Participant: 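Structure below; questions to follow.
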Amino acid sequence: MSDNYLPSEIVLKILHRLPVKSLVKFTSVCRAWNSLITDRTFISDHLNLTLIQSSNGRKGSLFFQFFLERNLLRWRDPPREYAYSLYSTSNQQTDNHFSFERVPLPFLFFSLDRCAMFVGTCNGLVCSDYYSPSSGSINILIWNPLLRKYVVVSKPIMTLNKHVYTRRFGLGFDSRNNDYKVVVLMHFVSRQHTDYLEVYSLVSRSWRSITISVPKFFLETGCPPLFVNGAMHWVVCRKKDGSIQRSILSFDVTEETFGELTLPLQSNEESNTTTTLLVVEGGRWLAVVNHPRKGTGYLLHIWVMKEYGVTDSWTEILHCDARRYGGRLDVLALTSNGKGIMRCLDGAIVLVDPTKESMEPIGHQKVDAAYAGSYVESLVFINKEFDALSL
């Protein structure tokens with residue numbers, strides 16, 4: 001090799017550390033680079049390095065879906081506008097504002113009577129379901145926001161009917177089989193029906209019903225499940241000895257087995273609070289927020305499980321009185337440096353620093369609702385492995 005060229009192993013290390021948008025441009029440099037960057041091994045190695053950096057607080061981000069408008073007199077109407085946004089603590093130089101990118105994605109594929117609901121994030125992919133109040137139908141979409149590529153998921157085996165009380169979708173990654181899976185957990189109204197779980201494989205492009213027994217429960221909130229440490233998680237409740245006991249139900253997407261995690265003691269001690277899973281920037285921890293039910297109080301408590309599966313590792317890292325910040329707060333996410341991203345009663349998105357007892361606006365105002373997911377850049381869908389389509 002000529003002295004004018006870098007060794008191929010050095011070039012590879014440099015490319016592994018570049019952002020996705022740069023790598024997409026470099027696929028046009030020459031056939032060799034196109035072949036390298038779209039290779040399955042390169043995609044996997046680039047993602048794994050990004051995940052390591054994310055867990056160290058260097059490259060992690062938060063992905064948000066904001067509902068910017070809603071006709072409050074007709075709550076079943078879809079919002080007028082969606083905003084999809086990325087936020088990263090490591091990228092903030094002079095301010096803490098979101099970098100907004102409005103993507104009218106739902107309207108590119110579906111009619112205007114559909115609501116786009118956030119399902120979850122995993123390895124740079126975002127999953128949404130599109131619900132039509134008029135027909136009751138649901139379509140599921142997995143897309144890569146940076147590559148602007150998507151896959152439409154077929155409808156689940158079990159459809160919505162009068163017996164289904166609720167169902168929750170989630171997106172996870174099966175690392176052993178290099179497969180992305182959509183998981184749907186269904187809870188039935190009648191005790192005559194057994195709660196039910198289906199799994200969709202992006203590799204096989206098909207749904208399967210899971211034959212193992214689903215533990216008895218009812219879901220604590222309507223929030224999406226959280227994918228952490230290779231498993232999907234839901235906060236669930238059970239009636240025991242005349243009282244309500246909360247816990248975290250887990251589902252390992254590789255082994256396809258259920259498990260259960262104990263919540264911080266406070267979550268079961270206070271009956272007037274609701275416990276919700278909370279997204280953490282970087283996605284390395286499982287976290288929950290205990291917040292008062294409407295009209296019962298103002299204190300918020302955020303707990304993080306520092307060592308996955310170890311009950312004693314639950315650590316309270318943030319607590320605040322919402323009255324200091326104008327009243328009721330909806331906690332959306334936790335940044336890597338321990339600050340809370342929250343939605344105020346008036347719809348403003350703010351960053352709350354409990355150590356300084358400060359609050360500052362960081363994004364769009366008048367947000368009617370918001371959902372958050374941990375996010376990292378990835379090249380998944382850049383090649384033809386999953387037959388993704390371009391926007």
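Values below: all heavy atoms of this structure, side chains included; hydrogens, waters and symmetry mates excluded. Remember, predicted model here, so these are calculated numbers, not experimental data.
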Participant: Got Ile302 and Val331 here, is their nearest side-chain heavy-atom distance under 4.5 Å?
Facilitator: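 Yes. Closest side-chain heavy atoms under 4.5 Å.
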Participant: Among all residues two or more places apart in sequence or in another chain, which pass the side chain to side chain donor-acceptor pair (under 3.5 Å) test with Asp174?
Facilitator: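 So Asp174 forms a side chain to side chain donor-acceptor pair (under 3.5 Å) with Asn177, Lys181, Thr254.
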Participant: Can you list the steps and then say if Val236 with Ile248 is a side-chain contact (heavy atoms from CB on, under 4.5 Å)?
Facilitator: CA-CA 6 Å; Val236 298; Ile248 297 176; over 6 Å; no
Participant: To the closest 0.5 Å, what do you measure between CG (Asn229) and CG (Leu286)?
Facilitator: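 The CG atom of Leu286 is 9.0 Å from CG of Asn229, to the nearest 0.5 Å.
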Participant: State plainly whether one hydrophobic cluster holds both Val253 and Ile157, where clusters connect Ile, Leu, Val, Met, Phe, Trp and Tyr through side-chain heavy atoms under 4.5 angstrom apart.
Facilitator: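 Hydrophobic grouping puts Val253 with Ile157.
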Participant: For residues Asn123 and Ser378, is any side-chain donor paired with an opposing acceptor at under 3.5 Å?
Facilitator: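 Note: Asn123 and Ser378 side chains miss the donor-acceptor criterion.
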Participant: State plainly whether one hydrophobic cluster holds both Val203 and Trp143, where clusters connect Ile, Leu, Val, Met, Phe, Trp and Tyr through side-chain heavy atoms under 4.5 angstrom apart.
Facilitator: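 Shared cluster, yes.
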Participant: Mind telling me whether Phe386 and Phe381 have parallel, tilted or perpendicular rings, with 30° and 60° as the class edges?
Facilitator: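 It falls in the perpendicular class, over 60°.
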Participant: So, taking the atom named CE in Met305 and the one named OG1 in Thr315, what distance separates them when rounded to the nearest 0.5 Å?
Facilitator: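 So the gap between those two atoms works out to 9.5 Å.
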Participant: With clusters defined by side-chain heavy atoms of hydrophobic residues (ILVMFWY) lying less than 4.5 Å apart, directly or transitively, does Val310 cluster with Ile317?
Facilitator: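 They do not share one cluster, since no chain of ILVMFWY contacts under 4.5 Å joins Ile317 to Val310.
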Participant: For Ser206, enumerate each residue passing the side chain to side chain donor-acceptor pair (under 3.5 Å) test, keeping only those at least two apart in sequence or located in another chain.
Facilitator: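 Partners of Ser206 under the side chain to side chain donor-acceptor pair (under 3.5 Å) test: Ser204.
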Participant: Spell out, as yes or no, whether a donor-acceptor pair under 3.5 Å connects the side chain of Trp285 to the backbone of Tyr308.
Facilitator: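 Flag not set: sc Trp285 to bb Tyr308 has no pair under 3.5 Å.
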Participant: Does the side chain of Ser154 come within less than 4.5 Å of Trp207's, by heavy atoms?
Facilitator: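 Yes, side chains in contact.
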Participant: Walk me through it: do Lys21 and Glu377 pass the test salt bridge (charged side-chain N to carboxylate O under 4.0 Å, His left out)?
Facilitator: CA-CA 9 Å; Lys21 288 186 177 180; Glu377 293 189 0; over 6 Å; no
Participant: For residues Thr275 and Asn290, is any side-chain donor paired with an opposing acceptor at under 3.5 Å?
Facilitator: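 Indeed, the side chains of Thr275 and Asn290 share at least one donor-acceptor pair under 3.5 Å.
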Participant: Within the 4.5 Å heavy-atom criterion, are Leu171 and Phe227 side-chain neighbours or not?
Facilitator: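 Heavy-atom side-chain distance check fails, nothing below 4.5 Å.
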Participant: Check the hydrophobic clustering (I, L, V, M, F, W, Y; side-chain heavy atoms under 4.5 Å; chains of links allowed) and say if Leu345 and Val289 are grouped together.
Facilitator: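 No: no chain of side-chain contacts under 4.5 Å links Leu345 to Val289.
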Participant: Start with the C-alpha distance between Glu385 and Asn178, add both sets of side-chain angles, then the distance that settles side chain to side chain donor-acceptor pair (under 3.5 Å), and finish with yes or no.
Facilitator: CA-CA 11 Å; Glu385 182 178 3; Asn178 193 40; 3.2 Å; yes
Participant: Which atom names give the shortest non-hydrogen contact between Gly172 and Met232, and what distance separates them?
Facilitator: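 Closest approach of Gly172 to Met232: N-CE, 3.7 Å.
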Participant: Just so I know, are the side chains of Glu255 and Arg176 near enough to count as touching, which here means a heavy-atom distance under 4.5 Å?
Facilitator: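 Answer yes - side chains close enough.
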Participant: So, for Phe66 and Ala370, which heavy atoms are closest and what is the spacing to 0.1 Å?
Facilitator: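 For Phe66 and Ala370, the tightest heavy-atom pair comes out as CD2-CB, 3.5 Å.
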Participant: How close do Leu197 and Val199 get, counting heavy atoms only, and between which atoms?
Facilitator: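 Scanning both residues, the minimum pair turns out to be CD2-CG2, 3.7 Å.
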Participant: Quick one: closest heavy-atom pair of Ser250 and Trp234, and the distance?
Facilitator: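 Heavy atoms only, the tightest pair is C-CZ3, 4.5 Å.
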Participant: Would Phe42 and His16 satisfy ring pair (Phe, Tyr, Trp, His ring centres under 6.0 Å), going step by step from the backbone distance to the final call?
Facilitator: CA-CA 8 Å; Phe42 181 90; His16 279 155; 4.8 Å; yes
Participant: Start with the C-alpha gap between Ile341 and Leu334, add the side-chain angles, then the distance that decides, and say whether side-chain contact (heavy atoms from CB on, under 4.5 Å) holds.
Facilitator: CA-CA 6 Å; Ile341 296 178; Leu334 190 69; over 6 Å; no
Participant: Is there a path of hydrophobic side-chain contacts, each under 4.5 Å between heavy atoms, that joins Ile37 and Leu12?
Facilitator: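 Per the 4.5 Å side-chain linkage, Ile37 and Leu12 are co-clustered.
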Participant: Taking C-beta and beyond as the side chain, do Ile140 and Val152 meet within less than 4.5 Å on heavy atoms?
Facilitator: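 They are not in contact (no side-chain heavy atoms under 4.5 Å apart), so the answer is no.
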Participant: Given side chains that start at C-beta, do those of Leu351 and Thr335 come closer than 4.5 Å, heavy atoms only?
Facilitator: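 Yes, their side chains come closer than 4.5 Å.
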Participant: Return the minimal non-hydrogen interatomic distance between Phe118 and Val126, and the atom names on each side.
Facilitator: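 Looking at all heavy atoms of both residues, the shortest contact is CE1-CG1, 4.2 Å.
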Participant: Roughly how far, to the nearest 0.5 Å, is CH2 of Trp303 from NE2 of His319?
Facilitator: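 It is 10.5 Å, given to the nearest 0.5 Å.
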Participant: How about Ile362 and Tyr87: do any of their side-chain heavy atoms sit closer than 4.5 Å?
Facilitator: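 Heavy-atom side-chain distance check passes, below 4.5 Å.
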Participant: Taking all heavy atoms of Gly283 and all of Val228, pick out the closest pair and write down the distance.
Facilitator: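 Taking Gly283 first and Val228 second, the nearest heavy atoms are O-CG1, 4.2 Å.
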Participant: Check whether any side-chain heavy atom of Asn34 lies under 4.5 Å from a side-chain heavy atom of Phe26, and answer yes or no.
Facilitator: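 Result no, sub-4.5 Å side-chain heavy-atom pair not found.
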